[in-house]
Peer 1: 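Here it is, the structure, as structure tokens.
Scope of the values below: all heavy atoms of this structure, side chains included, with no hydrogens, waters or symmetry mates.
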Amino acid sequence: MSIADKPPRPSATVVVVRDGPVGIEVLLLRRAERGDHNSGAWVFPGGLVDAADRAAQPFCRGVEPAEADVRLGVAAHALDYWVAAVRECFEEAGLLFARDPAGRPLAPDAARDTRLQAWRGPLQRGEQSLAALCHEEALTLDVDQLVYFSHWVTPVGRPKRFDTRFFIARAPQGQTAAHDDGELVEQLWLAPTAALTRTEPLKLLTPTQKTLEAIARFDSVDALLAWARAPREVPLIQPQIGTGRDGTRPVTPDEPAFAELRRIDPGCQGFASYDINPGVAVRLSAHLIRVTAHNGSVMTGPGTNTYLVGGGPSNEWAAIDPGPADPQHVQAILAAAPGPIRWIFATHTHLDHSPACALLQQHTGATVHGRIADHPEWQDASFAPERLLVGGERFELDAGVTLSAIHTPGHASNHLCYRFDEEKTLFTGDHVMQLSTVVINPPDGDMAAYLASLRALCDEDLDWLAPGHGFLMARPRAAFEKIIAHRLQREAKVLAAIRELGSTDEPALLARVYDDVPERMHPMALRSLRAHLIKLRGEGRAQPA
């Protein structure tokens, strides 16, 4: 069996928390130096699920086996994970989630505490079982105190892989944590934010870091546990491996590059970048290449993406959005194209998307396609398409390579998206941007048209979005619905502010409606505010109370 085919081993981890003077504190233990990547890392108590853990199920209280199976989404024996978490916490940190023969939480008892501590070594070495301990001391395991929190699986291709269920638990009252001084050589109780921002950084593995970030959102253990116990979906988190400015590292689903890395490097070999590097051609499929311009800014994110689509039997290619009038970028496009460029398509004519159409055409003789904007402000006056599009056109570039034009006004009156039919990929230009909110700038920008275009795209059969700025995006419909919801929430703030102020005065509205936006971005936000006001006035809803 190859490393890539090696199944992950079931494991369990418990994040022990308590209320401190300024909020939640978390128990962290430092692993001993063993010559592997875990050496010296600060971790939560946890380890492998042992075969012997199942024997302790009859001693569990508060979680039924069938309930555990449903919670973890497994066919059977999910309660083993709870048992393993209890056992590992006891072995490594000396904290035992259990009740005495009378059903009471374990209280300090010098004689019993001495007996219990003597079990830790034999348990850790596999010489004894947790079931034997429970039988000997007449204990029940208080597994109900462990609340299911998250699910992590080691990336494929790693020498050691684990399928780990994370639990959250309040520290047992009256017990004192004590690391085993073998596998774990130091311990700290720290606020999550303090653990993440120490002057001398702690070595934190990715799941530990992300768990601390998640806990830092809560101001008390009660609030954290209430959230964790509430009905919710616990997604599987299996990082990808990528390379970039911080070297080779795991990339998690909350990072912009994750979906793209998963697509182009399914074997998790780590050759793909989690950074967008201007001028570097990225092969996204056999028929799709991206080259990003050197025009990164607060408005363009990492830069404007140019996409090359083609690679059929004739090896002819189309370029979508050649970008700004930058000869260096045009040369990078030409170098990236595996064959002749025969078509040029512009999504719209803002200055970071279409000015290079003329330069690229001079080098290739390709036919330029697009639309002219209704209003000239902020537009590329040099844009002169040889074929004017209205939306609905289909272009069979080659066998198995078809582009369809979709008119999507809103960000600009002439905005077009292009669907790569065979790969169900939509080139979104600025209609959807991954890393920032699209500015709707009247008069050419139209908020009502923008929302209508997004709603229409929800009906398209799509698997991927290829934005004008950012990485490939999965789950297109979810992305459209999220943008629609965000815009409607902002619209609701506009209406509420109008009612409160009794006015549609723009400076006063801007301060209230965009109070969550940095002031340096308020000039851009003002444009979108005007677009909201125009929409609401057109609907008869922007009248002061």
Peer 1: Going by heavy atoms in the side chains, are F167 and T13 under 4.5 Å from each other?
Peer 2: no
Peer 1: Measure from the side-chain N and O atoms of N277 to the backbone N and O of V280, and report whether any donor-acceptor pair falls under 3.5 Å.
Peer 2: no
Peer 1: State, to 0.1 Å, how close Y514 and L529 come at their nearest heavy-atom pair, and which atoms those are.
Peer 2: OH-N, 3.6 Å
Peer 1: Side chains of T306 and I320, heavy atoms from C-beta outward: is any pair under 4.5 Å?
Peer 2: no
Peer 1: Is there a side-chain contact between K203 and P201 in this structure, where contact means two heavy atoms from C-beta onward sitting under 4.5 Å apart?
Peer 2: no
Peer 1: We want to know whether T349 and N414 form a side-chain donor-acceptor pair, criterion being a heavy-atom distance below 3.5 angstrom.
Peer 2: yes
Peer 1: Taking atom types as modelled, is there a side-chain donor on Q240 or D265 under 3.5 Å from an acceptor on the other?
Peer 2: no
Peer 1: Begin with the C-alpha distance, continue with both residues' side-chain angles, and end with the deciding distance and a verdict on salt bridge (Lys or Arg N to Asp or Glu O under 4.0 Å) for E539 and K535.
Peer 2: CA-CA 6 Å; E539 297 166 350; K535 174 180 180 291; 2.9 Å; yes
Peer 1: Under 3.5 Å, is there a donor-acceptor pair linking the side chains of Q209 and T206?
Peer 2: no
Peer 1: I need the single residue from H411, H415, H431 that forms a ring pair (Phe, Tyr, Trp, His ring centres under 6.0 Å) with Y450. Which is it?
Peer 2: H431
Peer 1: At what distance, to the nearest 0.5 angstrom, does CG of D321 lie from NE2 of H348?
Peer 2: 7.0 Å
Peer 1: Hydrogens and angles aside, do D19 and S220 bring a side-chain donor and acceptor to less than 3.5 Å of each other?
Peer 2: no
Peer 1: Working to the nearest 0.5 Å, report the span between CZ of F258 and CZ of R263.
Peer 2: 14.5 Å
Peer 1: Can you see which heavy atom on W378 is nearest to which on H350, and at what distance?
Peer 2: O-CD2, 3.6 Å
Peer 1: Within this structure, what is the CG-CD1 distance for the pair L261 and I241, rounded to the nearest 0.5 Å?
Peer 2: 9.5 Å
Peer 1: Would L188 and L29 satisfy side chain to side chain contact (heavy atoms under 4.5 Å, CB included), going step by step from the backbone distance to the final call?
Peer 2: CA-CA 7 Å; L188 290 171; L29 309 171; over 6 Å; no
Peer 1: Between T402 and E422, do the side chains contain a donor N or O and an acceptor N or O under 3.5 Å apart?
Peer 2: yes
Peer 1: Could you state the interatomic distance from SG (C268) to CD (Q238), rounded to the nearest 0.5 Å?
Peer 2: 7.0 Å
Peer 1: Return each pair, listed once, that meets ring-ring contact (aromatic ring centres under 6.0 Å, His included) where at least one residue sits in residues 457-481; pairs must be two or more places apart or across chains.
Peer 2: H353-H469
Peer 1: Please check if the distance between the ring centroids of F395 and H369 is under 6.0 Å.
Peer 2: yes
Peer 1: W227 vs F218 aromatic rings, parallel, tilted or perpendicular, using cut-offs 30° and 60°?
Peer 2: tilted
Peer 1: So, for T193 and T197, which heavy atoms are closest and what is the spacing to 0.1 Å?
Peer 2: O-OG1, 2.7 Å
Peer 1: Compare all side-chain heavy atoms of V330 with those of H363 and state whether any distance is below 4.5 angstrom.
Peer 2: yes
Peer 1: Does a donor on one side chain and an acceptor on the other come within less than 3.5 Å for T300 and D352?
Peer 2: no
Peer 1: Does R419 qualify as a cation-pi partner of F427, given the criterion of NZ or CZ under 6.0 Å from the six-membered ring centre and within 45 degrees of its axis?
Peer 2: no
Peer 1: D398 side chain to V401 main-chain N or O, any donor-acceptor pair under 3.5 Å?
Peer 2: no
Peer 1: Any side-chain donor-acceptor pair under 3.5 Å between S273 and D275?
Peer 2: no
Peer 1: Is there a side-chain contact between I344 and P322 (heavy atoms, below 4.5 Å)?
Peer 2: yes
Peer 1: Supply the atom-to-atom distance R530 CZ to L509 CG, rounded to the nearest 0.5 angstrom.
Peer 2: 11.5 Å
Peer 1: Provide the closest heavy-atom pair for P192 versus I24 in the form atom of the first, atom of the second, distance.
Peer 2: CD-O, 3.3 Å
Peer 1: For side chain to side chain contact (heavy atoms under 4.5 Å, CB included), just list the numbers for L403 and E396, CA-CA rounded to whole Å, side-chain angles, deciding distance to a tenth of an Å, and then say yes or no.
Peer 2: CA-CA 7 Å; L403 281 183; E396 294 185 6; over 6 Å; no
Peer 1: Within this structure, what is the CG-OG distance for the pair L360 and S354, rounded to the nearest 0.5 Å?
Peer 2: 12.5 Å
Peer 1: How about Y418 and F345: are their ring centres within less than 6.0 Å of each other?
Peer 2: yes
Peer 1: Which heavy-atom pair separates T428 from G468 by the least distance, and what is that distance?
Peer 2: OG1-N, 4.0 Å
Peer 1: Could you go through R170 and D222, starting from their C-alpha distance and side-chain angles, then the distance that decides it, and tell me whether this counts as salt bridge (Lys or Arg N to Asp or Glu O under 4.0 Å)?
Peer 2: CA-CA 9 Å; R170 189 192 300 271; D222 282 345; 2.5 Å; yes
Peer 1: Determine the minimum heavy-atom distance between T292 and P302, stating which atoms define it.
Peer 2: CG2-O, 3.8 Å
Peer 1: Hey, does V17 have a side-chain heavy atom less than 4.5 Å from the side chain of L27?
Peer 2: no
Peer 1: Between the main-chain N or O of V513 and the side-chain N or O of R490, is there a donor-acceptor pair closer than 3.5 Å?
Peer 2: yes
Peer 1: Any chance the side chains of N305 and Y307 put a donor and an acceptor closer than 3.5 Å?
Peer 2: yes
